[in-house]
2 protein chains.
Amino acid sequence: MDTPEGPPPERLRALPSRLTYGAALIANRIVDRAFAQAGIRRHHYSLLATLEEYGPASQAALGRRTGIDRSDMVATVNDLAERQLLERAPDPEDRRRNIITITPAGRRQLADLDRLLAAAQDEYLAPLSAADRQNLINLLTRLADHHGDKHN
Amino acid sequence: MDTPEGPPPERLRALPSRLTYGAALIANRIVDRAFAQAGIRRHHYSLLATLEEYGPASQAALGRRTGIDRSDMVATVNDLAERQLLERAPDPEDRRRNIITITPAGRRQLADLDRLLAAAQDEYLAPLSAADRQNLINLLTRLADHHGDKHN
DNA sequence: AGACCAACGTTGGTTTGGCCAACATTACAT
DNA sequence: ATGTAATGTTGGCCAAACCAACGTTGGTCT
């Protein structure tokens with residue numbers, strides 16, 4: 001009976017920050033696994049979704065809306081441009097900018113990703129009722145709003 | 001009026017996995033900032049807290065309880081041993097093991113950290129009532145339990 | 001006894017994501 | 001015109017979660 005493999009310490013178990021992070025790890029693992037089927041990572045999806053929802057935009061603007069850093073955005077756009085899921089074209093009206101536009105193939109891919117993602121959310125939230133899920137969303141949204149959420 | 005800086009896309013805003021991760025980023029940022037005052041990172045705290053709560057144990061056992069990987073545990077123990085917050089001694093009964101014991105200085109440090117951490121939790125949860133906080137804890141705990149929580 | 005296999009600490013490495021700093025180019029305001 | 005700001009890009013940092021391998025040691029099994 002040496003070190004009988006106890007559960008994690010009480011001090012840690014009820015810690016909101018830790019619980020949140022733990023849940024985030026679980027959620028991200030599930031989502032990543034789902035996206036991996038399509039050879040895609042979270043950034044890619046965020047970008048495609050934003051493009052479809054807001055239409056073409058510059059990399060900087062897209063970065064602001066998705067929470068992806070300018071520098072990381074470069075690589076993300078590169079990836080998706082290579083696969084022809086979006087197009088990068090210089091803005092004639094402002095030659096500093098690239099205008100990023102989603103392609104038809106991108107939209108098709110996005111539809112697939114949406115399905116995968118929905119399934120992932122469902123797996124993540126499996127133990128919660130619909131009411132619980134809404135409740136969780138509300139609580140987290142309030143936290144994000146209050147803290148000005150750099151992430152988004 | 002070009003790209004009037006809209007908010008993040010609807011598709012992403014209500015996504016539970018993303019909300020959770022966003023909240024985790026916020027929480028971790030706050031906690032890290034608090035711990036940084038003491039020159040400490042989250043792993044260090046987890047280890048000290050576990051030691052005080054469960055008493056001396058081997059690195060592997062501690063890793064299992066805190067969710068810290070064996071290899072990362074080495075560095076964590078190194079750090080804290082250097083600062084004399086814990087002691088690493090070979091186990092006479094099993095020479096594969098190191099027995100890690102918290103020192104009095106470690107306990108003192110831990111008390112400080114607990115205060116810092118409590119303040120950090122409060123900052124994180126600021127917009128939520130006591131009932132809301134408990135609610136959030138319950139929901140996240142259910143998620144962790146259901147998914148067998150590698151993190152702990 | 002010997003032969004296996006499992007656990008331990010350790011080293012070293014990969015990957016991902018969130019960052020920050022700097023730079024040349026271009027736009028804009030004064 | 002002169003300075004300030006935004007853009008895309010490169011290159012880098014760091015924490016954290018992992019994984020693979022190794023030599024050492026323990027325990028098991030026959």
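Side chains included, hydrogens not; waters and symmetry mates left out as well; all remaining heavy atoms used. Labels below follow one simple rule: chain letters A, B, ... track the order of the sequence lines, proteins then strands, and each chain is numbered from 1.
- Of the N and O atoms on the side chains of B/Arg18 and A/Ser46, at least one donor lies less than 3.5 Å from an acceptor on the other residue.
- Remark: P of C/dT16 and CZ of A/Arg33 are 16 Å apart, rounded to the nearest angstrom.
- Using a cutoff of 4.0 Å between basic side-chain nitrogens and carboxylate oxygens, A/Arg142 and A/Asp145 are not scored as salt-bridged.
- Applying the side chain to side chain donor-acceptor pair (under 3.5 Å) criterion to A/Arg11, with sequence neighbours excluded, gives B/Glu52, B/Asp114.
- The phosphate of D/dT9 (OP1 or OP2) has a side-chain N or O of A/Gln59 nearer than 4.0 angstrom.
- Where A/Arg95 and B/Ile99 meet DNA chain C, the nucleotide closest to each residue was compared, and B/Ile99 sits on the side nearer the 5' end.
- What separates CG of A/Asp32 from C1' of C/dG17 is a distance of 10 Å, to the nearest Å.
- A side chain to side chain donor-acceptor pair (under 3.5 Å) with B/Gln59 holds for exactly one of B/Arg88, B/Arg97, B/Arg64; it is B/Arg88.
- Between A/Asp91 atom CG and C/dA27 atom P there is a gap of 9 Å when expressed in whole angstrom units.
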Between protein and nucleotides 10-14 of chain D, what N or O pairs are separated by less than 3.5 Å?
residue : atom : partner : partner atom : Å
D/dG11  : O6   : A/Ser71 : OG           : 3.4

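- In terms of hydrophobic clustering, with Ile, Leu, Val, Met, Phe, Trp and Tyr side chains grouped at heavy-atom distances under 4.5 Å, A/Val74 and A/Ile99 are assigned to different clusters.
- Taking B/Asp122 as the reference, B/Arg133 meet the salt bridge (Lys or Arg N to Asp or Glu O under 4.0 Å) condition, with sequence neighbours excluded.
- Residues of residues 34-53 of chain B that place a heavy atom closer than 4.0 Å to DNA chain D, in numerical order, are B/Arg41, B/Arg42, B/His43.
- Separating the CD atom of A/Glu93 from the C1' atom of C/dC28 is a distance of 15 Å, rounded to the nearest angstrom.
- Here the side chain of A/Gln121 pairs a donor or acceptor atom with the backbone of B/Ser17 at under 3.5 angstrom.
- When the side chain to side chain donor-acceptor pair (under 3.5 Å) test is applied to A/Asp72, no partner is found at least two apart in sequence or on another chain.
- Rounded to whole angstrom, the span from the CG atom of A/Asp79 across to the P atom of C/dT16 amounts to 10 Å.
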Using atom names, set out every protein N or O paired with an N or O of nucleotides 5-7 of chain C below 3.5 Å, distance rounded to 0.1 Å.
residue : atom : partner : partner atom : Å
C/dA7   : N3   : B/Arg96 : NH1          : 3.2

Check step by step if side chain to side chain contact (heavy atoms under 4.5 Å, CB included) holds for A/Arg65 and A/Glu53.
-> CA-CA 11 Å; A/Arg65 288 205 272 246; A/Glu53 214 165 303; over 6 Å; no

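- Atom pair A/Arg29:CZ and C/dT16:P shows a separation of 15 Å (rounding to whole Å applied).
- Phosphate contact (OP1/OP2 of D/dA17, side-chain N/O of A/Tyr21, threshold under 4.0 Å): present.
- For the side-chain contact (heavy atoms from CB on, under 4.5 Å) test with B/Leu48, the passing option among B/Thr103, B/Thr76, B/Leu85 is B/Leu85; the others fail.
- Look at A/Arg41 and A/Asp32 and you find no salt bridge, because none of the NZ, NE, NH1 or NH2 atoms lies under 4.0 Å from a carboxylate O.
- The distance between atom CE of A/Met73 and atom P of C/dT16, rounded to the nearest whole Å, is 18 Å.
- One finds a side-chain N or O of A/Arg88 lying less than 4.0 angstrom from the OP1 or OP2 phosphate oxygen of D/dT9.
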